[in-house]
Amino acid sequence: MRDITYSTIIEPFRIHSVEPMRMTSRSERAERLAEAGRNLFGLHVDDVLIDLLTDSGTGAMSNEQWAAIQRGNEGYAGAPSWYRFRDSVRELFPFEHLLPTHQGRAAEKILFGVVGGPGKVVPNNTHFDTTRANVEFSGAEAVDLVIPEGHEPRNRHPFKGNLDVAALDQLLASRAPDVPLVMVTITNNSGGGQPVSLANLRATREVCDKYGKPLFLDACRFAENAWFIKTREEGYADKPVADIVRELAALADGMTMSAKKDPLGNIGGWLAMNDDALAEECRTMGILTEGFPTYGGLAGRDLDAIAVGLREAVDEDYLRYRIRSTSYLGEALEKAGVPVVVPFGGHAIFIDARELLPHLPPLQYPGHALACALYVEGGVRSCEIGTVMFGMGTDGVERPAPMDLVRLAIPRRTYTQSHIDYTIEVVTHVAKHAEEIGGLRMVTQPKRLRHFTATFEPV
Ligand code: F0G
């Protein structure tokens, strides 16, 4: 027979170790959710069946990563684990200075603690919630400048994470002295996991150069972004993903990273940059809050796991499976008539809750109400990305977020196709009965990052 390419894209791994899950009933789940103040972050994982709350730190490590953990060296300064981590990061992101941190937000806290402050303004395509919170905590203003298509759930623009370069130019023309750096999030998580094109990053770089501003990447999902460039941007089809990543890095002056996403770690992150003076300030801050710069709040074994994970993250068989398995969920939901953000992002499928629940005004939190229903009806835990997360202004006034989405984030290498088939069945069932879902009222909320701990009751 001839050598043919089969169309089924299979998981490019075998299961090596399993973690049993506990089955639960609908009434039990309704009780657990009420006890948690109707906040899905308050649930015990044993009460969750399919956990799509986040793709952050929830992936399965490979046998090679577990082996690397055994090689971990816990020397306080200059451990071999640090050198392996440094070399692996530099293969993709060859910035002069590399500061490991215990996760991405620690890198953000250090960076904006140094460059932020009252009167400053930080542009980004869309700030992730912790990025925004760290910018604002410093006293600075966080401005989102994604292209208009980025706010249209139905628009099939291939790079909906792109930064609005004209808007950036306009901001810099009027406020350049207040802008310490420009940030671009790849992929744009809060906007639907949408990628940024190399052409857009190049254009952003040009505007940064025009005003003499450094460009930083929030690069958590760099490998998925690079895969989208390879498969969607002209001229990249034959380029290895690792080369595309290096091309992305070469356009930037620095980066923040959560190693809990594409680098396939369960914990970790880093801050990297070329500027010596900035690095020195950040290193000092890092020593205060994270630890000595060769471990940065991590155990040596964590650094080793990330060193191996980074190489696995740019494996093209893995990325082909990863992106295909996410779109498998999206396509099935779209076919079932569930309004989903298109094109499908890399790490998650986003349901447009505002459209699915038109009877609920944004201030009754349609996204959160839908997420609660998915849990009660099927034990599927998702996450609202909408008015609960972004609705509270720095002025203390609550307003509808641009979109009310529910994110089904897919942990890396963790769930099988039948888990996803089950999820499709649950979401489709809930969507069919969407008009039965009632609104919510917030009962308690903290001053910042309210979505993590706010409590709710039915309206
Ligand atoms: N930037 C982006 C784009 C993120 O998605 C995250 C985390 C961070 C920064 C912060 O990294 O968690 O290591 O401190 N996102 C997770 C999520 C929590 O669920 O999307 P961290």
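Any value given below was found using the heavy atoms of this structure, including those in side chains, with hydrogens, waters and symmetry copies removed. Order of listing sets the numbers, starting from 1, for every ligand and every atom in it.
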Which atom of D253 lies closest to which atom of R205, heavy atoms considered: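 Shortest heavy-atom contact: OD2-NH1, 2.9 Å.
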Write down the atom of P123, the atom of V179, and the distance for their closest heavy-atom approach.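 In this case the closest contact between P123 and V179 is CD-CG1, 3.7 Å.
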If the cut-off is 4.0 Å to any non-hydrogen atom of G104, which atoms of ligand 1 fall inside it?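 This gives 11 (O), 13 (O), 14 (O), 21 (P) as the contact atoms.
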Would you mind listing which atoms of ligand 1 come within a distance below 4.0 Å of any non-hydrogen atom of R221?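 Heavy-atom distances to R221 below 4.0 Å select 3 (C), 4 (C), 5 (O), 17 (C), 20 (O).
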What protein heavy atom sits nearest [atom], and how far off is it?
atom	result
atom 10 (C) of ligand 1	T130 OG1, 3.5 Å
atom 9 (C) of ligand 1	E108 OE2, 3.0 Å
atom 8 (C) of ligand 1	F128 CD2, 3.5 Å
atom 7 (C) of ligand 1	K261 NZ, 2.5 Å
atom 1 (N) of ligand 1	D218 OD2, 2.7 Å
atom 12 (O) of ligand 1	R105 NH2, 2.8 Å
atom 13 (O) of ligand 1	S258 OG, 2.6 Å

Do the rings of [X] and [Y] sit parallel, tilted or perpendicular, given the 30° and 60° boundaries?
X	Y	value
F13	Y321	perpendicular
H347	F350	perpendicular
Y415	H419	perpendicular

For [X] and ligand 1, does the shortest N/O to N/O distance drop below 3.5 Å?
X	value
Q103	yes
T187	no
T185	no

Say whether E384 and H451, considering side chains only, have a donor N or O and an acceptor N or O under 3.5 Å apart.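 The criterion, which ignores hydrogens and geometry beyond distance, is not satisfied for H451 and E384.
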Please check if any side-chain donor atom of N274 sits under 3.5 Å from a side-chain acceptor atom of H97, or the reverse.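 H97 and N274 do not have a side-chain donor-acceptor pair below 3.5 Å.
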Backbone, side chain, both or neither: what part of R132 comes under 4.0 angstrom of ligand 1, heavy atoms only?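 Neither part.
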Within reach of ligand 1, part of K260 (heavy-atom separation under 4.0 Å):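 For K260, the contact with ligand 1 is made by the side chain alone.
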I'd like to check [X] versus [Y] (side-chain heavy atoms, cut-off strictly below 4.5 Å). Are they in contact?
X	Y	value
P400	R354	yes
F85	P100	yes
E247	R202	yes

Assess C220 for proximity to ligand 1: is some non-hydrogen atom of it under 4.0 Å away?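 Judged by the 4.0 Å heavy-atom criterion, C220 does count as contacting ligand 1.
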